[in-house]
Novice: 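Got a structure for you, written out below as structure tokens; questions coming shortly.
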Amino acid sequence: MKKTLLFSLLLLGINSYGQYIYPVKVENCKIDRFCLDCGDTLAGYDQKAFTKLEQELNKELDLNKLNGRIGFQVLVAPNKTGCVISHTDESNSTVTTKIIKKLNKFKKWTPSITDGKKELKTSINVVFEIQNNTISGEIVRVDFTEFEKNYDQPTAPKILNKTYQYKNENLSNYTISVWDTKNSNLLDNNIMGVAVDNSGLVWLISNFELLTFNGQEFKEIQYNDPFNDNESGYSQILIDADNIVWLYGNKQIYSIQEHKWQKHNTGLSKETYVITMSNDPISKEIFVSSPEGVAIYKNEKWDFINKSKVKELPSTDIYLTQRDSNNRLWIGTSSGTIVMDKHNKPITSDSFPSIIKKKTITNFDEDKKGNFFLSLYDFEAKKREEMYTDFIIYRTDGSYTKYTLENSGIATNTSLTKVLYDNEDDILWIASFNAGLIRYDLKKDSWENYHSKNSMLPTSKITDMAFDKNYNLYLATDQGLVKLEKR
């Protein structure tokens, strides 16, 4: 069987992974997990129908004086539909726009098949060549050796804050350890999620496989699920207050307690996917947020919140759900954020500033005083240059401070992937997708920024992070597992 590379596209930097093949992204497709040109039988198209598509393009397009090649990354679904998610034409010409419309309307794609089963979605590359006033297209297969060579590279830091002077005086107070494919038995550097249990055992997801790490070696944890063809495919992980491991993979929620696995029927349809999982250690709830609403697990039962149950919900498309120490439920949706009381009844929106109401919470943590650390995404921004993430501290008295590139040392205002508060040292840690690790000392109001160019971090791309019981920090990166241990 051909090796399968799995991906999930980056979504607001929320514990997710991404792989657009081409530089220009097209944001009109419903995307979850997909494989790259995979299968015993590869994805393709009905040749007769595709020839007709070429003929239509040649009639409709003005190709005079045009020459060159345009590549399109297409996700092919089991129902024979496809959707373009990236391409090579950075000018976004009329020709490219019309080709995208044709490819998206094309209904004669042939899905890939692995072990007799159609893959959920498969990424293929369709390249069109324009020459002598004629356009023709064909599939160009992925060279996996070259792809993996280029993909497994450290992410260079992209620091957007150009004015703050980072002294990084506390960097020497941490011992930084890195485990990767070169110095350990880790098989893939692609770490997507990380969590630490009560015993100090590290659980992680590496290239969609579930692993544990005891400080010396990595061990793959397998579970045979006959309904999912014994596949892995995990993309999210958390560990709750009772030391139960929760996983999302293969459109299924699993829990592991004392080596025993349990599958959960959340009430979500098989057609949807999970955006984030979160939990509350006090109420012992598990929150599973999705485009269909949020499924809530408590006392061994699942409940559900969507617009049919709560009409005040800004949208059923939910990105993050979290309960605070005052028993209020915060729900970030694609149309804004709503806060609910302990009975899951909406609290009047006038109680919260508009910066929270009108934007989507993508990260949430709380200090011991009840102050909140929030990252907020603006779904209403129409221009790409406006699509930034706000970071604020929302205080118990109702006031808040918005930290920007101009008034603080925050290194970037895009793709903040995780926010964690260290109660022991009053330190806030912010992970990012391309600016490394941000450390904010709340007592001194000082910022530090660690990345691959100024520290022992092997990369500047951090997809997840977790504390152990001593507030040592584990980082999931594209170059292996990293630990920052207090000296």
Side-chain angles (χ1 to χ4, degrees), residues 15 170-180 183-186 189 191-206 209-221 234 236-247 255-259 276-282 284 286 322 325 363-368 373 416-432 436-442 448 450 455-459 461-487:
N15 295 336
N170 290 281
L171 181 59
S172 61
N173 294 331
Y174 301 94
T175 298
I176 298 178
S177 303
V178 180
W179 295 272
D180 56 23
N183 66 6
S184 72
N185 67 326
L186 185 65
N189 287 330
I191 310 297
M192 305 169 62
V194 64
V196 186
D197 69 19
N198 293 345
S199 70
L201 185 67
V202 181
W203 296 71
L204 61 146
I205 298 172
S206 172
E209 302 285 344
L210 177 63
L211 309 175
T212 58
F213 180 63
N214 62 7
Q216 301 295 324
E217 63 177 358
F218 295 88
K219 179 182 178 182
E220 183 178 354
I221 307 298
Y234 308 109
Q236 295 186 46
I237 185 170
L238 68 81
I239 299 177
D240 69 16
D242 293 323
N243 212 36
I244 300 174
V245 179
W246 292 83
L247 296 165
S255 64
I256 310 172
Q257 185 175 20
E258 297 179 352
H259 307 289
T276 59
M277 292 195 308
S278 51
N279 71 295
D280 178 50
I282 299 175
K284 298 189 176 181
I286 303 295
Q322 189 63 60
S325 60
N363 282 290
F364 183 106
D365 207 357
E366 184 178 0
D367 69 12
K368 49 195 172 186
F373 308 104
L416 306 181
T417 55
K418 191 72 176 251
V419 174
L420 287 180
Y421 174 70
D422 179 345
N423 275 288
E424 187 176 81
D425 292 338
D426 201 22
I427 300 296
L428 186 68
W429 295 96
I430 305 173
S432 73
L437 184 64
I438 302 164
R439 181 186 187 274
Y440 180 40
D441 188 324
L442 285 94
E448 299 185 18
Y450 312 149
S455 73
M456 293 299 292
L457 293 185
T459 181
K461 180 178 179 178
I462 304 170
T463 54
D464 193 15
M465 59 182 178
F467 287 131
D468 66 13
K469 62 182 179 181
N470 296 316
Y471 288 102
N472 296 310
L473 192 61
Y474 284 89
L475 308 178
T477 82
D478 63 342
Q479 291 299 300
L481 180 67
V482 178
K483 180 182 181 182
L484 273 75
E485 185 173 8
K486 297 179 183 182
R487 289 180 174 173

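Residue indices begin at 1 and follow the sequence shown. The model shown is predicted, which means the values in this text are computed figures rather than measured ones.
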Novice: Under the rule for side-chain hydrogen bond (donor to acceptor under 3.5 Å, both in side chains), what residues qualify as partners of Trp246, not counting sequence neighbours?
Specialist: Asp240
Novice: Report the residues that fulfil salt bridge (Lys or Arg N to Asp or Glu O under 4.0 Å) with Glu485, sequence neighbours left out, ordered by chain and then residue number.
Specialist: Lys483
Novice: side-chain hydrogen bond (donor to acceptor under 3.5 Å, both in side chains) with Asn170: which residues, sequence neighbours excluded?
Specialist: Asn173, Glu448
Novice: Would you call Phe467 and Trp429 a side-chain contact if the rule is heavy atoms closer than 4.5 Å?
Specialist: yes
Novice: We want to know whether Tyr174 and Asn472 form a side-chain donor-acceptor pair, criterion being a heavy-atom distance below 3.5 angstrom.
Specialist: no
Novice: Under the side chain to side chain contact (heavy atoms under 4.5 Å, CB included) criterion, do Ile191 and Asp478 qualify, and how do the steps go?
Specialist: CA-CA 6 Å; Ile191 310 297; Asp478 63 342; over 6 Å; no
Novice: Roughly how far, to the nearest 0.5 Å, is CG of Asp468 from CG of Leu473?
Specialist: 9.0 Å
Novice: Start with the C-alpha gap between Ile256 and Leu247, add the side-chain angles, then the distance that decides, and say whether side chain to side chain contact (heavy atoms under 4.5 Å, CB included) holds.
Specialist: CA-CA 8 Å; Ile256 310 172; Leu247 296 165; 3.9 Å; yes
Novice: For Phe373 together with Tyr421, are the ring centres under 6.0 Å from each other?
Specialist: yes
Novice: If you apply the rule side chain to side chain contact (heavy atoms under 4.5 Å, CB included), what do you find for Ile286 with Leu238, and how did you get there?
Specialist: CA-CA 10 Å; Ile286 303 295; Leu238 68 81; 4.1 Å; yes
Novice: How close do Thr463 and Met192 get, counting heavy atoms only, and between which atoms?
Specialist: OG1-O, 3.6 Å
Novice: For Lys486, enumerate each residue passing the salt bridge (Lys or Arg N to Asp or Glu O under 4.0 Å) test, keeping only those at least two apart in sequence or located in another chain.
Specialist: Asp422, Glu424, Asp425
Novice: Please enumerate all residues that pass salt bridge (Lys or Arg N to Asp or Glu O under 4.0 Å) together with Glu366, with sequence neighbours excluded.
Specialist: none
Novice: Going by heavy atoms in the side chains, are Leu475 and Leu481 under 4.5 Å from each other?
Specialist: no
Novice: Ignoring hydrogens and angles, tell me if any N or O in the side chain of Thr477 forms a donor-acceptor pair with the backbone of Gly480 under 3.5 Å.
Specialist: yes
Novice: Measuring from Gln216:CD to Trp179:CH2, what's the distance to the nearest 0.5 Å?
Specialist: 9.0 Å
Novice: If you count the non-hydrogen atoms of other residues, nucleotides and ligands that lie under 6.0 Å from NZ in Lys469, is the total more than 12?
Specialist: no
Novice: Is there a donor-acceptor pair closer than 3.5 Å between any side-chain N or O of Asp441 and the backbone N or O of Ile427?
Specialist: no
Novice: Taking all atoms of both residues into account, what is the closest heavy-atom pair of Gln322 and Ser278, and its distance?
Specialist: OE1-CB, 3.5 Å
Novice: When you look at Ile221 and Thr212, which way does the side chain to side chain contact (heavy atoms under 4.5 Å, CB included) test go after all the steps?
Specialist: CA-CA 7 Å; Ile221 307 298; Thr212 58; 3.8 Å; yes
Novice: Would you compute the distance between atom CG of Asp365 and atom CG of Leu420 and round it to the nearest 0.5 angstrom?
Specialist: 6.0 Å
Novice: Donor-acceptor check, side chain of Gln257 to backbone of Ile244, threshold 3.5 angstrom: yes or no?
Specialist: no
Novice: Roughly how far apart are Leu171 CG and Ile176 CD1, rounded to 0.5 Å?
Specialist: 5.0 Å
Novice: Report yes if the side chains of Asn423 and Tyr471 come closer than 4.5 Å at any heavy-atom pair, otherwise no.
Specialist: yes
Novice: Kindly indicate whether the side chain of Leu211, heavy atoms from C-beta on, has any atom under 4.5 Å from the side chain of Trp203.
Specialist: no
Novice: Considering all heavy atoms of both residues, which atom of Gln479 and which atom of Val178 are nearest to each other, and what is their separation?
Specialist: O-CG1, 4.2 Å
Novice: Minimum heavy-atom separation for Ala466 to Ala195, with atom names?
Specialist: CB-CA, 4.0 Å
Novice: Drop me the distance from Tyr440's OH to Asp426's CG, to the nearest 0.5 angstrom.
Specialist: 9.5 Å
Novice: Do Ile239 and Asn279 come close enough that some side-chain heavy atom pair is under 4.5 Å?
Specialist: no
Novice: To the nearest 0.5 Å, how far apart are CD in Glu220 and CG in Leu186?
Specialist: 11.0 Å
Novice: Are any of the side-chain heavy atoms of Asn243 and Asp197 separated by less than 4.5 Å?
Specialist: yes
Novice: Less than 4.5 Å apart, side chain to side chain, heavy atoms only: is that true for Pro458 and Val482?
Specialist: yes
Novice: Could I get the full list of side-chain hydrogen bond (donor to acceptor under 3.5 Å, both in side chains) partners for Asp367, not counting sequence neighbours?
Specialist: Asn371
Novice: Is there a side-chain contact between Leu484 and Leu457, using heavy atoms and a 4.5 Å cut-off?
Specialist: yes
